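In what follows, a structure is listed as structure tokens, so that the remarks can point back to it.
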Amino acid sequence: MNKTIVRFYRGTHGMGICISVTYDKDRIIFDFGAPFTPLTQVYDGEVKPRKKNRVKDAILLKKTPMIEGVFSKKDLQDLDLLSYEDSDLNTAVMICHLHLDHMSEIDKIAPQIPVYIHSDGIKLQKLLYTVNKEKEYRNYTPFEYHVPFHVGQIKITPYYSDHPCPGSSGFLIETPDSRIYYSGDIRFHGTGNERAFEELDTLKEKDIDLLIVDATTTSPSEFIHGDQMDEILRNPSKDLIEGCISEKDIYDEICDSLIDFKGLGVFNQYERDTSMMKQIYDLENRLNRTVVFEPSMAYIFYHFTGIKTPIYWIDSIDIPEYQLKMKEEFEVVSVDEIRNHPEKYLLQNSYNNILSLTDFDGIKGKYFHLFGEPLVKGQKQWKIMENVLEKLNWQFTSFSNLYSFSHAYPNQLAYFIQQIDPKTVVAVHSKNPERLNPVNSTQVFPEENEDYLLSEGKLIKADQ
Ligand SMILES: [Zn+2]
């Protein structure tokens, strides 16, 4: 009799994935983020979370997933949910990468429950504490690619996935009776795609029962194309189809735009996507421009690459301790120098430091929004960003298909499924999971918050 139970809490119709796999009394939960709703979220940075009710409020508002046996009694207060202390399950949480839709709620988990993150992800998390982008609430347990770890009778092996966030992983989950693969966020058009295809060569030998796959690009709102293209994109193939951009195409476009431009180049990039930072840094020679970082980004970049990039100063008042130390060790490029020779520089700028760009008023500029914050058009912050750039009279470029960019195109997704050839496939991270091409597998559309028995590769609702 099979005993593997799968439960989908979130993510069968969008972002914010949360799924559990239970075998006897052992349970793993993978990913623990909030759905991404920038236009309606209560926690918008202005509404202050209450310290005492931090966990309870977030569960009530459905920011944090409501799962039994995960939260401390003292945090739940009078909330009618089984606490960690009262649960007899041996639980661990695993995080595939450090984008907020996958991990924003991990700070609420009871401290006794281990939270597994790739060692590079933990490194990033700690750097974010230092640069004040995150608050420290708990410890994490590191894992490495291809090194299995156990949660009771469940064995987990992480695999590399080509995604811009460091330590991005997929998980092979083996219970005594079933094999599941959770892809995490995947793509095959980034600069690490060869390695991702190599991982696939290993995975296709694993005889997977259930594949839980990132199907973001099946959401039409995030990847717009015509009917004809739609048909081509359904066919499994490794290739990048004409009209789909790769990560490299973006760097080429920036280079083309800046190569003969006599003004300043500025880019806004997400601090969690360190592999992209390196790619931009490497444009220096091609562009004959020095890439200059804000101190906080330079700090993160240095800890991942060992490279001390030149920095520029954002403000001269209330400089944090770690930045004061950097002043001695990093080359500081002055505003005057940049003003005098804007054609020699490519400047990194984060949205919250956008006012530092007024130092370059009167100078020609091109601003590239490269997946940094604000993340979505239509957000108030997006309009503010455009407003500032309009006042500077700078050219603004944003790369559309932003979400598709970090996710596999439909044809590559179909190829991935074809290669793994699971018995059953479940699409997550997509608003339109029914648009997935499951190739030869049976696609199942599970209801959320219901137990499913995984038996010989079939996902069967537990009370049937
Ligand atoms: Zn994601």
Side-chain angles (χ1 to χ4, degrees), residues 8-19 29-39 41 43 62-65 93-107 115-118 120-121 124-125 128 133-134 158-171 181-190 192-193 196 211-223 247 269-276 370-377 379 399-410 412-413 416 425-433 435-436 448:
F8 296 80
Y9 290 93
R10 282 178 173 178
T12 62
H13 279 89
M15 294 160 95
I17 291 155
C18 192
I19 300 162
I29 297 171
F30 33 100
D31 289 356
F32 213 79
F36 184 62
T37 52
L39 302 185
Q41 65 190 3
Y43 296 83
K62 298 192 164 55
K63 181 171 188 276
T64 301
V93 173
M94 310 171 337
I95 300 299
C96 71
H97 67 286
L98 286 203
H99 277 176
L100 294 171
D101 58 314
H102 295 266
M103 51 66 72
S104 66
E105 306 310 296
I106 51 178
D107 59 327
V115 175
Y116 287 88
I117 301 177
H118 188 280
D120 280 345
L124 175 62
Q125 185 76 358
L128 293 171
K133 291 276 181 172
E134 287 266 323
Y159 284 84
Y160 170 81
S161 117
D162 176 27
H163 199 256
C165 196
S168 289
S169 307
F171 300 117
Y181 192 71
Y182 168 53
S183 69
D185 283 2
I186 46 160
R187 60 173 187 170
F188 293 96
H189 54 78
N193 67 344
L211 172 65
I212 301 168
V213 70
D214 161 18
T216 308
T217 52
T218 59
S219 307
S221 60
E222 286 158 9
F223 188 67
E247 183 180 352
Q269 205 227 304
Y270 201 28
E271 69 242 345
R272 290 167 190 259
D273 292 347
T274 54
S275 80
M276 284 192 78
L370 272 186
F371 319 106
E373 285 177 312
L375 300 174
V376 177
K377 279 178 199 168
Q379 263 179 286
F399 291 88
S400 56
N401 289 342
L402 192 136
Y403 292 108
S404 318
F405 177 72
S406 304
H407 305 276
Y409 288 111
Q412 293 179 325
L413 196 58
F416 179 75
V425 63
V426 172
V428 290
H429 214 293
S430 166
K431 288 187 192 109
N432 296 71
R435 293 179 82 242
L436 180 78
E448 293 189 346

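Reckoned from all heavy atoms, side chains included, excluding hydrogens, waters and symmetry mates. Not measured: the values here are computed from a predicted model. Throughout, residue positions are numbered sequentially from 1 according to the sequence presented. Order of appearance sets the numbers: ligands from 1, and atoms from 1 within every ligand.
The atom of His102 that is an N, O or S and sits closest to the Zn ion (ligand 1) is NE2. Closest approach between the Zn ion (ligand 1) and any N/O/S atom of His429 involves NE2. Among the heteroatoms counted here (N, O or S) of Asp101, OD2 is the one nearest to the Zn ion (ligand 1). The atom of Asp185 nearest to the Zn ion (ligand 1) is OD2, with the search restricted to N, O or S atoms.
What you find for His97 and Met103 is that their closest heavy atoms are O-CG, 3.7 Å. In terms of heavy atoms, Glu247 sits closest to Met276 at OE2-CG, 3.6 Å.
Counting only N and O atoms by type, the side chains of His102 and Asp185 include a donor and acceptor under 3.5 Å apart.
Here the OG-CZ distance, from Ser183 to Phe171, works out to 10.5 Å after rounding to the nearest 0.5 Å.
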